[in-house]
Asks: 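Below is one structure. I have some questions about it.
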Amino acid sequence: MLTNLRHLVEAEFARTGRRRTITLTDGTLRDAHQCLWATRMRTEHMLPISSRIADAGFGAVEAIAMVGFDAGVLFLNQDPFERVRLLADRISTAPLRAAVRSNLLHGFYPQPDDINELFVERMFVNGIRDFAILDSLHSWDNVAPGIRIAKRLGAKVTIALVFNLAPGYDDEFYVRQAREVIDRFGVDTISLADAGGSLTVERTRTLVPALRAAIGDTRLELNTHCLTGMGPQVALEAAVYGADQILTAVDPLANGNSLPSAQMMARDLRALGFGVDVDDRSLDEVGDYLGKLAAQLDYPVGVPAEYDPANYQTQYAGGAMTNLEAQLKAAGIADRLPAVIEEIGRVREELGSPVMATPFPAIVAAQAVMNVLNAERYAVVPDEVKKYVCGYFGALPLPVDDNVKDLVMNNGSRDISETPPQLDPILPELRRRYGHLSPDEMILRYMYGDQKIDALVPAQDTFSVEQSVVELVAGLRRMRTKHNVHLVAPGIELRANG
């Protein structure tokens, strides 16, 4: 395979007289731990390696996505805006990127334009310089206000075209979408986003050249995942056929449900004849830290996945799969995972084969779980499913199965109108309620409520993977001598006097 690709690269060089350099984008601090650790990497885990990531030579560094806001506040008691600020202070050699899920600022429900615009503005103020914006229905009116704010502020805008194996999603569909967002918004990068790892080598060889020809000098990025085991090969093919940059993660947070390995991509791309301007020593140092961190936290590392054709039916995204597994385990029904995954594929087709990227993996999975747990399928319908069918998220590119639509409408909540309501501005009311607070805190309190935000704890830049148990005990003894610390119960509570 590499020999054939190398011949293509050499033929391009002979034709153009120029060797291309492929840029690597880093997803370690965002997509990778979303896919492997259910987005549970804490801010203090990121800070010790942020300077090494900055030194590695990435074209952009993903810092956060909306799921990072959710996990940070709801599970980690951490301020996501603070995370962005702390990372921006340490990473200045590459633009920090935030992934923005359409106009779904709060949970999975569309929000008014004014709060979405303020969110983009505050992310920029805190340090984001590249907004990766997706709308899984490719309904660009949903994201137009945020894009225009980002461009006005001088940030780069990356638009994700989410890959889907479904009728109508042919190469021409993606070419039309790319041309629309370039013509309407003048975006900086088009990202072919393969959230479920379902992009094949054969499709890459037609789709990437079609996009390359259509977008001119606009940069083209590939974002694929390794759930089928084919991610690295697809990434190499994409580079050969015209992609400018590849989204990667530093091993051992690569592979499995995650992204291709940055270390491996750098080696293989160079072997093909491309330039890759990353510092391998910095990558190895980051990887060494991540391995120790995973061991300390008892978190999994990425392992190359076996090829599984079933993934092409479910097309379930890597981060969503990890969260689904964690949620079923927490509910005590982890043994139902195989049945749920099989049902996900069935529900997805019945609901019109939506793109399996935020928010639709969670919506489809919620219905699949209800179908598995109840005697009759669609006897229980989550509110989000009815809202999807009624067009709350935008026009559906493919129709919902008629019989399923009837079940959803009959069994779904009567409180949900069949006609999506108009989204009126929300900021005047928020400013009346929270006018004494910073805009960041106002946004967070709107999204998660006062109780959750009152419980947030500032991040401490004191974490180290090098501290062994012996070192920790020695430190406690030193503290006890200096400050008269009394260890009430080991590892539970400390009292300090003085």
Side-chain angles (χ1 to χ4, degrees), residues 1-6 8-10 12 19-36 49 52-62 93-94 97 132 158 160 163 189 191-195 197 199-201 204-205 208 212 219-291 301-305 318:
M1 187 270 290
L2 284 177
T3 300
N4 291 336
L5 293 181
R6 190 180 298 114
L8 292 174
V9 174
E10 290 305 317
E12 178 186 351
R19 288 199 180 276
R20 285 193 289 131
T21 295
I22 305 299
T23 301
L24 300 187
T25 305
D26 180 59
T28 308
L29 303 182
R30 203 285 292 177
D31 203 351
H33 72 97
Q34 177 179 333
C35 291
L36 295 176
I49 53 166
R52 301 309 294 153
I53 289 177
D55 293 339
F58 291 109
V61 175
E62 285 193 339
T93 55
R97 175 185 286 183
T158 297
F163 183 70
T189 302
S191 178
L192 177 57
D194 178 25
L199 181 61
T200 64
V201 168
T204 302
R205 291 172 179 170
V208 170
R212 178 75 278 161
R219 293 188 65 79
L220 178 60
E221 178 179 84
L222 179 79
N223 169 357
T224 191
H225 291 70
C226 301
L227 290 88
T228 64
M230 300 300 293
Q233 184 174 349
V234 165
L236 293 178
E237 296 275 350
V240 170
Y241 283 92
D244 301 295
Q245 53 199 60
I246 308 293
L247 183 64
T248 61
V250 178
D251 194 26
L253 258 63
N255 293 304
N257 291 347
S258 184
L259 304 160
S261 160
Q263 296 97 314
M264 184 179 69
M265 275 295 108
R267 290 193 298 268
D268 288 348
L269 287 168
R270 289 171 183 146
L272 292 179
F274 292 113
V276 184
D277 293 335
V278 293
D279 181 72
D280 299 271
R281 178 175 297 181
S282 294
L283 295 180
D284 289 341
E285 290 178 4
V286 173
D288 181 63
Y289 171 90
L290 294 171
V301 297
V303 176

Asks: Could you check Ile246 against Thr23 for side chain to side chain contact (heavy atoms under 4.5 Å, CB included), going step by step and ending with a plain yes or no?
Replies: CA-CA 7 Å; Ile246 308 293; Thr23 301; over 6 Å; no
Asks: Just so I know, are the side chains of Val234 and Leu222 near enough to count as touching, which here means a heavy-atom distance under 4.5 Å?
Replies: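 Of all side-chain heavy-atom pairs linking Leu222 with Val234, at least one is under 4.5 Å.
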Asks: Restricting to side-chain hydrogen bond (donor to acceptor under 3.5 Å, both in side chains), what partner residues turn up for Arg19, sequence neighbours left out?
Replies: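 Arg19: side-chain hydrogen bond (donor to acceptor under 3.5 Å, both in side chains) contacts with Glu10.
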Asks: Does the Arg212 side chain pair with the main chain of Gly242, one donor and one acceptor, at a distance under 3.5 Å?
Replies: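 Answer holds: yes.
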Asks: Output, in order, the C-alpha distance, side-chain angles, deciding distance and verdict of side chain to side chain contact (heavy atoms under 4.5 Å, CB included) for Leu247 and Glu62.
Replies: CA-CA 9 Å; Leu247 183 64; Glu62 285 193 339; 3.9 Å; yes
Asks: Can you find a heavy atom in the side chain of Asp279 that is under 4.5 Å from one in the side chain of Asp55?
Replies: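 With C-beta onward as the side chain, the pair stays apart.
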Asks: Thinking salt bridges, do Arg281 and Asp284 make one under a 4.0 Å N-O criterion?
Replies: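 A salt bridge is absent here (no side-chain N lies under 4.0 Å from a carboxylate O).
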Asks: For Ser191 and Thr158, work out which heavy atoms get closest and say how close.
Replies: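 Reported closest heavy-atom pair: CB-CG2, 3.8 Å.
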Asks: Is it true that Asp280 and Arg270 have a side-chain N and a carboxylate O under 4.0 angstrom from each other?
Replies: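 Yes, this pair counts.
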Asks: Looking at side-chain heavy atoms only, is the closest gap between Ile49 and Leu29 below 4.5 Å?
Replies: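 With C-beta onward as the side chain, the pair touches.
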Asks: For Asp268, enumerate each residue passing the salt bridge (Lys or Arg N to Asp or Glu O under 4.0 Å) test, keeping only those at least two apart in sequence or located in another chain.
Replies: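 Asp268 satisfies salt bridge (Lys or Arg N to Asp or Glu O under 4.0 Å) with no residue once adjacent residues are dropped.
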Asks: If you measure only the distance, is there a donor-acceptor pair under 3.5 Å linking the side chains of Asp194 and Thr224?
Replies: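 Present: a donor and an acceptor within the cut-off.
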Asks: Between Leu269 and Leu24, is there a side-chain heavy-atom distance shorter than 4.5 Å?
Replies: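 In contact.
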Asks: Do side-chain atoms of Thr28 reach the backbone of Val250 as a donor and acceptor pair under 3.5 angstrom?
Replies: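 Judged by distance alone, yes, a pair lies under 3.5 Å.
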Asks: Determine yes or no for a side-chain-to-main-chain donor-acceptor pair under 3.5 angstrom, with Arg20 supplying the side chain and Ala243 the backbone.
Replies: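 Yes.
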Asks: Compute whether any side-chain donor of one residue and acceptor of the other, for Arg30 and Gln34, lie under 3.5 angstrom apart.
Replies: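 Yes.
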Asks: For Thr21 and Val276, what are the C-alpha separation, side-chain angles and deciding distance, and is it a side chain to side chain contact (heavy atoms under 4.5 Å, CB included)?
Replies: CA-CA 6 Å; Thr21 295; Val276 184; 5.8 Å; no
Asks: Return the CG to CG distance between Leu283 and Leu290, rounded to the nearest 0.5 Å.
Replies: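 Rounded to the nearest 0.5 Å, the CG-CG separation comes out at 10.5 Å.
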Asks: Could you point out which residue of Thr25, Thr248, Asp277, Thr93 forms a side-chain contact (heavy atoms from CB on, under 4.5 Å) with Phe58?
Replies: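 Option passing the side-chain contact (heavy atoms from CB on, under 4.5 Å) with Phe58: Thr248.
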Asks: Spell out, as yes or no, whether a donor-acceptor pair under 3.5 Å connects the side chain of Ser258 to the backbone of Leu253.
Replies: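 Pair found, side chain donor or acceptor close to backbone of Leu253.
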Asks: For Ala94 and Val61, which heavy atoms make the closest approach, and how far apart are they?
Replies: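 Here Ala94 and Val61 meet closest at CB-CG2, 4.2 Å.
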Asks: If every non-hydrogen atom of Gly287 is compared with every non-hydrogen atom of Gln263, which pair is closest and at what distance?
Replies: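 Minimum heavy-atom separation between Gly287 and Gln263: CA-NE2, 4.5 Å.
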Asks: Could you tell me if the side chain of Met230 sits less than 4.5 Å from the side chain of Thr200, heavy atoms only?
Replies: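 No. Closest side-chain heavy atoms not under 4.5 Å.
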Asks: Rounded to the nearest 0.5 Å, what's the gap from CD1 on Ile53 to CG on Asp26? Could you check?
Replies: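 That separation rounds to 5.0 Å.
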Asks: Kindly compute the distance separating CG (Leu259) from SG (Cys226), expressed to the nearest 0.5 Å.
Replies: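 SG of Cys226 is found 7.0 Å from CG of Leu259.
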Asks: OG1/Thr189 to CD/Gln245 distance, rounded to the nearest 0.5 angstrom?
Replies: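 One finds 5.0 Å between OG1 of Thr189 and CD of Gln245.
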Asks: Between Asp31 and Asn223, does the side chain to side chain contact (heavy atoms under 4.5 Å, CB included) criterion hold? Intermediate values first, please.
Replies: CA-CA 10 Å; Asp31 203 351; Asn223 169 357; 4.2 Å; yes
Asks: What is the distance from atom CZ of Arg6 to atom CZ of Phe274, rounded to the nearest 0.5 Å?
Replies: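 Reported value, rounded in 0.5 Å steps: 11.5 Å.
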Asks: Looking only at heavy atoms, which two atoms of Arg52 and Ser282 are closest? And how far apart?
Replies: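 Residues Arg52 and Ser282, closest heavy atoms: NH2-OG, 3.2 Å.
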Asks: Got a sec, which residues hit side-chain hydrogen bond (donor to acceptor under 3.5 Å, both in side chains) with Arg205, two or more places apart in sequence or on another chain?
Replies: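 Arg205 satisfies side-chain hydrogen bond (donor to acceptor under 3.5 Å, both in side chains) with Glu237 only.
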Asks: Between Arg97 and Glu221, does at least one N-O distance fall below 4.0 Å, as a salt bridge requires?
Replies: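 Between Glu221 and Arg97 there is a salt bridge, with a charged N closer than 4.0 Å to a carboxylate O.
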